[in-house]
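The structure presented is a predicted model; accordingly, all values stated were derived computationally and were not measured.
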Amino acid sequence: MAAAIELDAIDWAILEQLQKDATIPNKQLAEQVGVAPSTCLLRVRRLRERGVITGIHAHVSSTAIGLAMNAILAVQVRPHTREVFNRFVDFAIALPETRSLYHVSGAEDFLIHVVVGNAEHLQQLVLDVMSQRSEVTRVQSSIVYEQTEFHTLRSPDSRQRRPPLIAPRLRARPAIRQDTPPGRPSGPALEKPR
């Protein structure tokens with residue numbers, strides 16, 4: 001495994017802005033990250049050359065083109081050999097419905113995010129296409145009710161939550177006396193002056 005590329009705060013700021021809008025003009029990007037346009041241009045070029053930025057992509061609305069249903073297919077493949085797995089991967093990524101494919105641990109071997117027109121289209125994909133493969137021993141489909149996408153990879157420093165997501169446990173409050181008359185402060189027993 002290759003060593004991780006060291007990125008400073010300016011590199012991360014550039015990456016965050018480009019992930020939000022890859023078409024941002026260099027001058028505007030430089031202003032937003034607080035560097036000169038020439039410095040910004042050099043840094044973006046260096047990020048591309050080092051393989052940190054691997055491409056720029058358009059996000060297409062599947063709903064707008066008639067593919068309104070998202071689903072996750074959990075697929076079990078047998079036998080467990082690299083040849084069988086590679087053949088299945090080639091098959092799955094060639095399907096026009098496939099958005100992404102994950103080789104995972106656990107009971108299932110693959111999770112496949114697919115987009116289809118409707119439930120009938122999903123049923124045809126599972127029964128008539130996926131289940132007909134000799135290496136596929138099980139397919140389970142789950143319809144996605146709602147999808148929240150988060151495409152921005154952020155600096156490890158920005159991932160630390162301040163304040164933490166779960167607040168530290170507060171100290172227990174002192175016991176309240178049951179015989180405290182209304183209107184008097186509640187809390188620990190009040191001592192009478194002597």
Side-chain angles (χ1 to χ4, degrees), residues 1-75 82-83 85-106 108-117 121-122 125 142-169:
M1 185 175 193
I5 296 170
E6 293 286 327
L7 301 175
D8 64 15
I10 294 171
D11 291 328
W12 278 109
I14 289 170
L15 290 172
E16 191 168 329
Q17 292 303 318
L18 288 175
Q19 288 176 96
K20 289 178 185 173
D21 179 8
T23 65
I24 186 173
N26 182 64
K27 184 177 178 183
Q28 187 179 348
L29 176 61
E31 288 172 8
Q32 289 186 4
V33 301
V35 297
S38 59
T39 301
C40 188
L41 192 61
L42 289 172
R43 283 186 175 248
V44 170
R45 184 177 298 141
R46 187 177 68 211
L47 290 167
R48 284 190 177 122
E49 289 169 355
R50 295 165 74 191
V52 176
I53 297 175
T54 59
I56 297 173
H57 310 279
H59 292 281
V60 177
S61 168
S62 56
T63 303
I65 59 171
L67 300 172
M69 181 179 284
N70 285 272
I72 304 296
L73 304 181
V75 181
R82 188 163 302 277
E83 179 185 336
F85 275 46
N86 289 342
R87 192 169 57 237
F88 179 77
V89 167
D90 290 343
F91 157 75
I93 62 175
L95 293 172
E97 294 89 351
T98 298
R99 293 293 303 263
S100 56
L101 172 76
Y102 303 94
H103 183 199
V104 297
S105 63
E108 311 305 334
D109 299 306
F110 294 95
L111 295 177
I112 308 171
H113 175 200
V114 297
V115 290
V116 292
H121 185 176
L122 178 61
L125 179 63
S142 298
I143 294 173
V144 175
Y145 293 132
E146 184 177 348
Q147 180 178 358
T148 303
E149 292 185 347
F150 190 77
H151 296 285
T152 305
L153 182 64
R154 294 177 290 176
S155 162
D157 294 338
S158 70
R159 291 184 215 146
Q160 297 173 358
R161 289 182 172 84
R162 289 185 176 84
L165 200 54
I166 300 173
R169 187 180 176 115

Might you work through the side-chain contact (heavy atoms from CB on, under 4.5 Å) test for I56 and L18, ending with a clear yes or no?
CA-CA 9 Å; I56 297 173; L18 288 175; over 6 Å; no

Residue pair V75, D109: steps toward the side-chain contact (heavy atoms from CB on, under 4.5 Å) verdict:
CA-CA 6 Å; V75 181; D109 299 306; over 6 Å; no

Let me see the working for R43 and I10 under side-chain contact (heavy atoms from CB on, under 4.5 Å), right down to the final yes or no.
CA-CA 9 Å; R43 283 186 175 248; I10 294 171; 3.6 Å; yes

Side-chain donor-acceptor contacts of residues 28-39 below 3.5 Å, not counting sequence neighbours, with atom names and distances?
none

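R50 contributes atom CZ, which lies 14.5 Å from atom OG1 of T54 (distance to the nearest 0.5 angstrom). Here CD1 of I112 is found 8.0 Å from CG of L125. Values are rounded to the nearest 0.5 Å. The CD atom of E83 sits 15.0 Å away from the CZ atom of F88 when rounded to the nearest 0.5 Å.
In terms of heavy-atom proximity, T63 sits nearest to A68 at OG1-CA, 4.1 Å. Closest non-hydrogen pair, S62 versus N70, comes out as OG-ND2, 4.4 Å.
Between L111 and the choices L101, I72, L73, the side-chain contact (heavy atoms from CB on, under 4.5 Å) rule is met once, by I72.
Two residues are said to be in side-chain contact when any heavy atoms from C-beta on lie closer than 4.5 Å; R46 and I5 fail this criterion. The shortest distance between side-chain heavy atoms of L67 and H121 falls below 4.5 Å. Side-chain contact between L95 and V114 is absent, with no heavy atoms from C-beta onward closer than 4.5 Å.
Using a distance-only test at 3.5 Å, with no hydrogens or angles considered, no donor-acceptor pair links the side chain of D90 to the main chain of R87. With Q19 contributing its side chain and L15 its backbone, the two residues share a donor-acceptor pair below 3.5 Å. The main-chain N or O of I93 is never found under 3.5 Å from a side-chain atom of T98 such that the two would form a donor-acceptor pair.
Dense packing is recorded around CD of Q147, with more than 12 heavy atoms of other residues, nucleotides or ligands lying under 6.0 Å away.
Aromatic ring orientation, F110 versus F85: tilted (interplanar angle from 30° to 60°).
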